[in-house]
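Down below is the structure, laid out as C-alpha cells.
Start at 1 and go down the list; that is how both ligands and their atoms are numbered. Only a predicted model underlies this, so the values are computations on that prediction, with no experimental measurement involved.
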Amino acid sequence: MFLIFWIMLTGFLSLAIYVSPFAARMIAEKRLRHICRREHVLILTYDDGPSVVTTPRLLDLLAEMGAKGTFFLLGQRVQSTPQVLRRLQDEGHELASHSQDHLNAWKVAPWRSVVDVKRGFATLVKYGVDFGLFRPPYGKLNLLTWFTAVCYGVRFGWWTVVSGDTFNPLPDPDSIVQAVERDGGGVVLMHDFDSDEVHSKYVLELTRRLLEKASVYGWKVCTLSEVRQLN
Ligand SMILES: [Zn+2]
C-alpha cells in the first residue's frame with residue numbers, strides 16, 4: 001500500500017515539476033512556428049556566447065549583411081569577455097539570458113538550477129544588459145526555474161529549427177536552410193561559443209545562407225522580441 005502511494009506521489013511530482021513546463025514549451029513552440037510562417041520572418045539566435053573568436057566573426061558578417069541577431073548569453077562568458085559584450089551592445093543586437101553556468105534543470109537538484117538562472121540574470125544586470133528573454137540551457141525547465149523566470153518578468157526564448165551546429169558530424173547546411181524554407185521562416189537555434197574552426201565556420205556559413213534565402217523570399221529578418229510583439 002505504501003509502495004503504491006509512493007509511486008503515485010513521485011509520479012505526480014514528476015508530472016508537476018518536469019512535464020508541465022515541457023508541455024507549455026511544446027505549445028509555445030507551435031505558436032511561434034505559426035507566427036513565423038504567417039509573418040514570413042527569420043530570427044537568428046545564438047546561444048552560449050559571447051566568445052573571443054566566433055562572436056566577433058559573426059558580428060562582422062551580420063554587419064556586412066545588415067542583420068540583427070538574438071544572443072542568449074551565459075553569465076560566466078559575459079564576465080570573461082566584457083569587450084565582446086560591449087560590441088554586441090554597441091551594434092544593437094538583442095541580448096538575453098541563458099543562465100550563468102549552463103546547468104541542465106533536469107539533471108541537477110531543482111534549487112541548484114534556480115540559483116543558476118538567478119545568477120545569470122544578476123550578471124546581465126551588473127553589466128548593464130537590458131533583457132526580456134530567457135532561454136533555458138538544453139531547453140530544459142523545471143517548475144521552479146519556470147516560476148523564477150516568470151517572477152522576474154522575462155519570457156521564454158524558444159526556437160523552431162535546430163541548426164545541428166554542435167553535432168558531430170555536422171549536418172548539411174542545405175538541409176537546415178530547406179527546413180526553414182519549408183516552414184516559410186522560423187527561429188533558428190545556433191551557437192557562438194568557441195569549439196573548433198570547423199564548427200565556427202559552419203555557424204558563419206549557415207548564417208550567410210539563411211540571410212541570402214531571406215533576401216530571395218523577402219522574409220523580414222528580426223530579433224525574437226520583435227517577432228513576439230507581432231502576435
Ligand atoms: Zn546552451
What atom name does the N, O or S atom of H98 nearest to the Zn ion (ligand 1) carry? NE2
Would you indicate whether the side-chain heavy atoms of K220 and E39 approach each other to under 4.5 Å? no
Do any of the N, O or S atoms of D48 sit under 2.8 Å from the Zn ion (ligand 1)? yes
Judged by modelled atom types alone, do Q79 and Y127 share a side-chain donor-acceptor pair under 3.5 Å? no
Under 2.8 Å: N/O/S of H191 next to the Zn ion (ligand 1): no
For residues 113-124, which residue pairs qualify under side-chain hydrogen bond (donor to acceptor under 3.5 Å, both in side chains), counting only residues two or more places apart or in two chains? S99-D116, Q100-T123, D101-R119, S113-N142
Tell me whether R57 is salt-bridged to E205, with the criterion being a basic N under 4.0 Å from an acidic carboxylate O. no
